[in-house]
Enquirer: 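Let me give you the structure first, and then I'll get to my questions.
Each chain gets a letter, A, B and so on, in the order the sequences are listed, and its residues count up from 1. Side-chain atoms are counted along with the backbone in the values below, which use heavy atoms only and exclude waters and symmetry mates.
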Amino acid sequence: MKHHDRNGAGALLFHGLFLAFILAPLVVVCLSAFTPDDFLTIPTRHFSLRWFIALWHSDDFNSAFKTSLWLGVLAATISSALALPTALGLVRYRFAGRDAINAFVLSPLMIPPVVLGIAFLRFFTLVNISGSFASLVACHVLLIFPYALRLIMAALTGMAGDAEQAARSLGAGRWTTFRRVTLPMILPGLVGGWVLAFISSFDELTATIFVAAPATITLPVRIYMNMSETVDPTVAAVSTVLIALVLVVMVFLDRIYGLNKVLVGSH
Amino acid sequence: MNRNRAHHGLALTLPAALYFILLLAVPLALTFVLSLRGFNLDVGGIVNTTSVRNYVAVLSDPYYYTIFLRTLVLSVAVTLLCVLVGVPEAYFLFRMRDPWRSLCLVAVLGPLLVSVVVRTLGWSILLGRTGPINALLLKLGLIAHPAQMLFTLGAVIVVMVHVLVPLMVLSVWTSLTRLDPAVGHAARSLGAGRATVMWRVVLPQIAPGILSGSLIVFALTASAFATPALIGGRRLKVVATTAYDEFLGTLNWPRGAAIAVILLVANFVIIAGYNRVVERRVTRRLGGVS
């Protein structure tokens, strides 16, 4: 491996500073969650679980967590179910309007979330379902669709068509071929897309803040509101839990898919 | 390709297309119509008139164009800093050896999966009056009193760079993995110095990655909401937080819709214009090389 020249001392110093810059805020959040004090501070002598216990008993955070969890699961599932046939159509067939449809269904990535939030709020107010959980699911399905679609499309593109053709020539029907050959082969892409879509839904703040009602507040919106009003260390505790969950998800993704592929392949 | 197969393709994409028409095209059209409506609190809000008054008001009022200008300055500054910091980092990462390479890549890209609000919370602790940065500066005797770092444009820039620089690293990383190491070797063996190889061989090859990364960073900064709202506070408004305030603060929906439409159009014009310029540059450059 001669061509991987080692980095010089200057490069390593830069790299160290960069990692510190990236990780410092996350470390600080986790540390300050263990403060025994009434305000956000980094504990120096005493560590306490006080704010984790407060979090456990907080109705606000618990219901927001449940809302986000169900919202993410439903939106990611519906999105993936909608993205699977779309990916098949876009990858396997050439037809008039294909490029236009491709651009159309990827467009949520290009539209500022604030604009989407405003558009959703206007639409849901007019059809009178504003603030409902269903309206939240409906807009999240759209927002996270590109993430699910991209990973499924990548899996379909990377898969050789030979196995499908062999199955068809041996007499398998269209549906059987899909169910017994195509689906198992693209399953990693489907799972990866679902997880990425779930995370995007779980983390979405800007568009959600417009459509959420007091009864349907999601976790990021709850954290945002808590931060812009009274900052008490419960936000640090819930953030620490979220960081821990991301670590778990990363290990899981690494096992089934290879983390590099998910992170680098997502663009 | 017979007609039958073409129909299959269209039929498969139809459900998603219909969903997007109902939940994207229709709401955006409604927002545009809303932006043409009047507003009067005395008669209960939205007035059923049609005019471009909101656009004239937004585009001619110094209050609003200061906000648009601030958003532009913020986006340019964040993009430049992301290039300055993210490109060398991606390159150093690329030259590392496994297992450090994979580990560091995960450390750099992993935070993308952590909610922006959580990452912003970390910064508001770090930059606070009693935060660790102020404590350190006081201890070193560099400042006599705790510095006010929150609610400044500088703080918003730093935090936005933190939030978005992983995307720049990712974008450059992708083009580095397509780089042919043999070309660099050839240049070295023909007597080119490190700097020359970097400048004349590596950089042109990763230029598309830098350009697409900066486009992503620019577009996301221009439409960012949470970080400017939480780190910049009420006084340092940007376009997205202003639209939010018009909608949920003053409840002037038509005005808020006009700001949203301007943001959307500006976003598309910049992305399309940038793509066109970049494509021309890249093709000319590659044409010159071969």
Enquirer: Can you tell me how far the CG atom of B:L34 sits from the CZ atom of A:R122, to the nearest 0.5 Å?
Expert: 4.5 Å
Enquirer: I'd like to know which of A:A24, A:A119, A:G89 tops the heavy-atom pair count under 4.5 Å against chain B.
Expert: A:A119
Enquirer: B:A107 and A:L23: which non-hydrogen atoms are nearest, and at how many Å?
Expert: O-CD2, 3.8 Å
Enquirer: Ring centres of B:Y244 and A:F210 under 6.0 Å apart?
Expert: yes
Enquirer: Tell me if a side-chain donor or acceptor on B:H162 pairs with a main-chain N or O of A:I22 at a distance below 3.5 Å.
Expert: yes
Enquirer: Heavy-atom distance under 4.5 Å to chain B: side chain of A:S32, backbone, both or neither?
Expert: side chain
Enquirer: Nearest 0.5 Å, please: how far is CG in A:L219 from OG in B:S115?
Expert: 8.0 Å
Enquirer: Counting only non-hydrogen atoms closer than 4.5 Å, does A:L116 touch chain B with its backbone (N, CA, C, O), its side chain (CB onward), both, or neither?
Expert: side chain
Enquirer: Quick one: what part of A:F124 sits under 4.5 Å from any heavy atom of chain B, side chain, backbone, both or neither?
Expert: side chain
Enquirer: How about A:I111 and B:L24: do any of their side-chain heavy atoms sit closer than 4.5 Å?
Expert: yes
Enquirer: Got more than 12 heavy atoms from elsewhere within 6.0 Å of CZ, A:R168?
Expert: yes
Enquirer: Pick whichever of B:L14, B:I21, B:T120 has the most heavy-atom pairs under 4.5 Å with chain A.
Expert: B:I21
Enquirer: As an exercise, state the distance from CG of A:L121 to CG of B:L30, rounded to the nearest 0.5 Å.
Expert: 11.5 Å
Enquirer: Using 0.5 Å steps for rounding, measure from the CD1 atom of B:I271 to the CE atom of A:M110.
Expert: 4.0 Å
Enquirer: Quick one: does B:F225's side chain get under 4.5 Å of A:P113's, heavy atoms only?
Expert: no
Enquirer: Within the side chain of B:Y19, is there an N or O that forms a donor-acceptor pair under 3.5 Å with the backbone of A:A138?
Expert: yes
Enquirer: Minimum heavy-atom separation for B:L23 and A:F120, please, with both atom names.
Expert: O-CE2, 3.3 Å
Enquirer: Below 4.5 Å from any heavy atom of chain B, which atoms of A:S107 appear? Answer side chain, backbone, both or neither.
Expert: side chain
Enquirer: Check each atom of B:P132 against the heavy atoms of chain A and say whether the ones under 4.5 Å are side chain, backbone, both or neither.
Expert: side chain
Enquirer: Side chain, backbone, both or neither: which part of A:F39 has a non-hydrogen atom closer than 4.5 Å to chain B?
Expert: neither
Enquirer: Write down the atom of B:R119, the atom of A:P25, and the distance for their closest heavy-atom approach.
Expert: O-CB, 4.0 Å
Enquirer: How about A:F21 and B:V158: do any of their side-chain heavy atoms sit closer than 4.5 Å?
Expert: yes
Enquirer: Need one label for B:V169: side chain, backbone, both or neither, based on atoms under 4.5 Å from any heavy atom in chain A.
Expert: side chain
Enquirer: With a 6.0 Å cut-off (strictly less than), is the heavy-atom count around CZ of A:F252, excluding the residue itself, greater than 12?
Expert: no
Enquirer: Is A:L17 in contact with chain B via its backbone, its side chain, both, or neither, using a 4.5 Å heavy-atom distance?
Expert: neither
Enquirer: Hey, could you give me the OG1/CG distance between B:T13 and A:L149, rounded to the nearest 0.5 Å?
Expert: 10.5 Å
Enquirer: Could you tell me how the ring of A:F104 sits relative to the ring of B:F20: parallel (under 30°), tilted (30 to 60°) or perpendicular (over 60°)?
Expert: perpendicular
Enquirer: If I measure from the heavy atoms of chain A, does B:S124 come under 4.5 Å with its side chain, its backbone, both, or neither?
Expert: side chain
Enquirer: Heavy-atom pairs under 4.5 Å with chain B: which of A:I118, A:V28, A:V27 has the most?
Expert: A:I118
Enquirer: Pick whichever of A:V105, A:I223, A:T206, A:I199 has the most heavy-atom pairs under 4.5 Å with chain B.
Expert: A:V105
Enquirer: Are the side chain of A:D203 and the backbone N or O of B:V116 linked by a donor-acceptor pair below 3.5 Å?
Expert: no
Enquirer: Does some side-chain heavy atom of B:L12 sit less than 4.5 Å from a side-chain heavy atom of A:T86?
Expert: no
Enquirer: Can you tell which part of A:T125 gets under 4.5 Å to a heavy atom of chain B, answering side chain, backbone, both or neither?
Expert: side chain
Enquirer: Indicate the atoms forming the closest heavy-atom contact of B:L121 with A:M227, along with that distance.
Expert: CA-CE, 3.6 Å
Enquirer: Hey, could you give me the NE2/CZ distance between B:H8 and A:R92, rounded to the nearest 0.5 Å?
Expert: 14.0 Å
Enquirer: At their closest point, which heavy atom of B:L22 faces which heavy atom of A:F123, and how far apart are they?
Expert: O-CZ, 3.8 Å
Enquirer: Side chain, backbone, both or neither: which part of A:V246 has an atom under 4.5 Å from a heavy atom of chain B?
Expert: side chain
Enquirer: Name the region of B:F268, side chain, backbone, both or neither, that has any atom closer than 4.5 Å to a heavy atom of chain A.
Expert: side chain
Enquirer: Heavy-atom distances under 4.5 Å only: say whether B:A219 touches chain A with side chain, backbone, both or neither.
Expert: neither
Enquirer: Tell me, for A:A87 versus chain B, whether the close heavy atoms (under 4.5 Å) come from the side chain, the backbone, both or neither.
Expert: neither
Enquirer: So which bits of residues 253-262 of chain B come within less than 4.5 Å of chain A, counting non-hydrogen atoms only?
Expert: B:W253, B:G256, B:A260
Enquirer: With a 4.5 Å limit on heavy-atom distance, are the side chains of A:L242 and B:V114 in contact?
Expert: no
Enquirer: At a heavy-atom separation under 4.5 Å, does A:L90 approach chain B through its side chain, its backbone, both, or neither?
Expert: both
Enquirer: Tell me, for A:L142 versus chain B, whether the close heavy atoms (under 4.5 Å) come from the side chain, the backbone, both or neither.
Expert: both
